[in-house]
Asks: 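One structure, as structure tokens, below. Some questions next.
Note that the structure is predicted; figures quoted are calculated from it, not measured.
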Amino acid sequence: MRFVIEHLSKSYGSKEVLKDTGFSFESGKIYGLLGRNGAGKTTLFNCINGDIPADRGDFFLEEEGERRKLSPEEIGYVLSTPTVPEFLTGREFLKFFMDIHQDTVRDPKSLDAYFDDMKIDREDRDKLLKDYSHGMKNKMQMLINLIAKPRLLLLDEPLTSLDVVVAEEMKQLLRSLKEGRITIFSTHLMDLALDLCDEIVLLSHGRLESVDRSQSGRQEFKERIMEALREEDHE
């Protein structure tokens, strides 16, 4: 299974953010999408998720030589700022999600089993979400996306503001669940991308570009990425 982007373009007024770009992402891998602030990472995700229209181009899922559009249910999108219904408790929110997706959730487990998977303490499960920390809200947002088992998982800097323990838990979870799906992890933190991701993709000058890490050591690879990103200053 592959997720393919072809000739994708998006402008805001005179600023061309995505420039006739394309890429192919393979199942079973976590891709680190690296780019400077304002490079267009969130714009790319919003185009894929259907939140904003692209100006030109297309994207599709390719399986056994056949291409097709992704349905909204096949795309999971975890935002950098978690959005959860703060008037519900964690348990109420999870039950509500399970109830409305009961026909599509495969191999459902008990609510407490899901909370255990996400390492949410028992005393926190019946608290209002408005009383959750940023990291716990992020865990809930991640949890419902993982329960839905989307074919394509878009992660827009979800670990940047988490404490070191929660961030490490989330990285381990993502590694354990990458098989059978395509995961694109957006970040501007290079060390995080190198630690978590199987492949590194740069978004620079409005285009997606793979960086081969197989023929170089970690420091040399980091220097190659930095040089590519610095070139934006001279465009």
Side-chain angles (χ1 to χ4, degrees), residues 1 3 25 27-31 33 41-42 44-52 61 70-163 165-187 196-197:
M1 179 178 69
F3 174 63
F25 300 88
S27 176
K29 292 183 178 181
I30 300 176
Y31 288 84
L33 179 63
K41 301 186 296 296
T42 299
L44 174 66
F45 280 0
N46 285 337
C47 286
I48 294 171
N49 197 48
D51 294 327
I52 60 174
L61 206 63
L70 285 89
S71 66
E73 295 76 21
E74 293 179 299
I75 303 174
Y77 190 4
V78 178
L79 306 171
S80 57
T81 301
T83 54
V84 294
E86 299 195 336
F87 57 90
L88 296 177
T89 67
R91 189 180 301 277
E92 289 170 341
F93 176 44
L94 184 53
K95 184 178 186 305
F96 173 74
F97 178 84
M98 296 295 292
D99 286 346
I100 64 174
H101 292 90
Q102 60 182 328
D103 295 332
T104 57
V105 172
R106 300 185 295 274
D107 304 319
K109 299 189 288 188
S110 71
L111 299 185
D112 282 310
Y114 285 122
F115 282 124
D116 289 342
D117 289 344
M118 197 57 66
K119 294 183 171 60
I120 294 176
D121 293 337
R122 288 189 174 273
E123 59 267 27
D124 293 324
R125 299 174 188 184
D126 294 297
K127 286 183 180 178
L128 289 173
L129 291 173
K130 72 179 183 66
D131 296 324
Y132 275 28
S133 67
H134 181 99
M136 287 176 61
K137 290 177 182 177
N138 206 302
K139 279 188 171 186
M140 290 300 298
Q141 185 181 228
M142 184 77 77
L143 176 56
I144 62 171
N145 275 280
L146 295 177
I147 291 172
K149 298 182 179 178
R151 311 293 296 280
L152 175 64
L153 182 58
L154 308 175
L155 305 171
D156 191 3
E157 307 211 26
L159 308 186
T160 303
S161 59
L162 303 185
D163 68 54
V165 174
V166 175
E168 188 59 35
E169 290 174 354
M170 298 292 273
K171 285 191 289 183
Q172 292 176 7
L173 181 66
L174 289 170
R175 292 187 190 105
S176 71
L177 297 174
K178 67 181 182 179
E179 295 303 322
R181 67 164 51 93
I182 297 157
T183 304
I184 308 177
F185 183 96
S186 164
T187 183
L196 174 64
C197 302

Asks: Can you give me the closest heavy-atom contact between Q141 and P82, atom names plus distance?
Replies: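 Between these two residues, the closest heavy atoms are NE2-CA, 3.7 Å.
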
Asks: Quick one: CG on L143 to CG on D117, what's the gap to the nearest 0.5 Å?
Replies: 8.0 Å

Asks: Looking at side-chain heavy atoms only, is the closest gap between T104 and E73 below 4.5 Å?
Replies: no

Asks: For side-chain contact (heavy atoms from CB on, under 4.5 Å), just list the numbers for K41 and L154, CA-CA rounded to whole Å, side-chain angles, deciding distance to a tenth of an Å, and then say yes or no.
Replies: CA-CA 11 Å; K41 301 186 296 296; L154 308 175; over 6 Å; no

Asks: Could you tell me which non-hydrogen atom of N138 sits nearest to which non-hydrogen atom of L79, and how far apart they are?
Replies: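 Reported closest heavy-atom pair: ND2-O, 4.3 Å.
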
Asks: Step by step, work out the side-chain contact (heavy atoms from CB on, under 4.5 Å) result for L111 and R125.
Replies: CA-CA 10 Å; L111 299 185; R125 299 174 188 184; over 6 Å; no

Asks: Which pairs count as salt bridge (Lys or Arg N to Asp or Glu O under 4.0 Å) when at least one residue sits in residues 138-150, sequence neighbours excluded?
Replies: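 Qualifying pairs: K139-E169.
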
Asks: Considering all heavy atoms of both residues, which atom of C197 and which atom of F185 are nearest to each other, and what is their separation?
Replies: SG-CB, 4.2 Å

Asks: Salt bridge or not between D124 and K119? Use side-chain N to carboxylate O under 4.0 Å.
Replies: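 Between K119 and D124 there is no salt bridge, as every charged N stays at least 4.0 Å from the carboxylate O atoms.
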
Asks: Quick check: closest heavy atoms across L196 and R175, and the distance to 0.1 Å?
Replies: CD1-CG, 3.9 Å

Asks: Can you measure from NZ (K29) to CD1 (I182) and round to the nearest 0.5 angstrom?
Replies: 11.0 Å

Asks: Give, for atom CD1 of I30 and atom CG of L155, the distance between the pair rounded to the nearest 0.5 Å.
Replies: 8.0 Å

Asks: Could you measure the distance from the CZ atom of F3 to the OH atom of Y31? Nearest 0.5 Å is fine.
Replies: 11.5 Å

Asks: Between I147 and H101, is the side-chain contact (heavy atoms from CB on, under 4.5 Å) condition met? List the steps.
Replies: CA-CA 10 Å; I147 291 172; H101 292 90; over 6 Å; no

Asks: Is there a side-chain contact between D51 and F45 in this structure, where contact means two heavy atoms from C-beta onward sitting under 4.5 Å apart?
Replies: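 Result no, sub-4.5 Å side-chain heavy-atom pair not found.
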
Asks: What closest approach, in Å, do M140 and Y132 show between heavy atoms, and which atom pair accounts for it?
Replies: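 So the two residues come closest at CG-CE2, 3.7 Å.
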
Asks: Apply side-chain contact (heavy atoms from CB on, under 4.5 Å) to M1 and F25, showing your working.
Replies: CA-CA 9 Å; M1 179 178 69; F25 300 88; over 6 Å; no

Asks: What heavy-atom pair brings S27 and G180 nearest, and what distance separates the two atoms?
Replies: OG-C, 3.6 Å

Asks: Do any side-chain atoms of residues 83-94 form donor-acceptor pairs under 3.5 angstrom with protein atoms, and if so which ones, sequence neighbours left out?
Replies:
residue	atom	partner	partner atom	Å
E86	OE2	K137	NZ	2.5
T89	OG1	E92	N	3.0
T89	OG1	E92	OE1	3.4
R91	NE	D126	OD1	2.9
R91	NH1	D112	OD1	3.4
R91	NH2	D112	OD1	3.2
E92	OE1	T89	N	2.9

Asks: Between atom CD1 of I120 and atom CZ of R122, what is the distance when rounded to the nearest 0.5 Å?
Replies: 12.0 Å

Asks: Hey, does L174 have a side-chain heavy atom less than 4.5 Å from the side chain of L153?
Replies: yes

Asks: So, taking the atom named CD in E74 and the one named CZ in R181, what distance separates them when rounded to the nearest 0.5 Å?
Replies: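 Here the rounded value is 12.0 Å.
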
Asks: Go through the structure and list residues passing salt bridge (Lys or Arg N to Asp or Glu O under 4.0 Å) with D99, not counting sequence neighbours.
Replies: K95

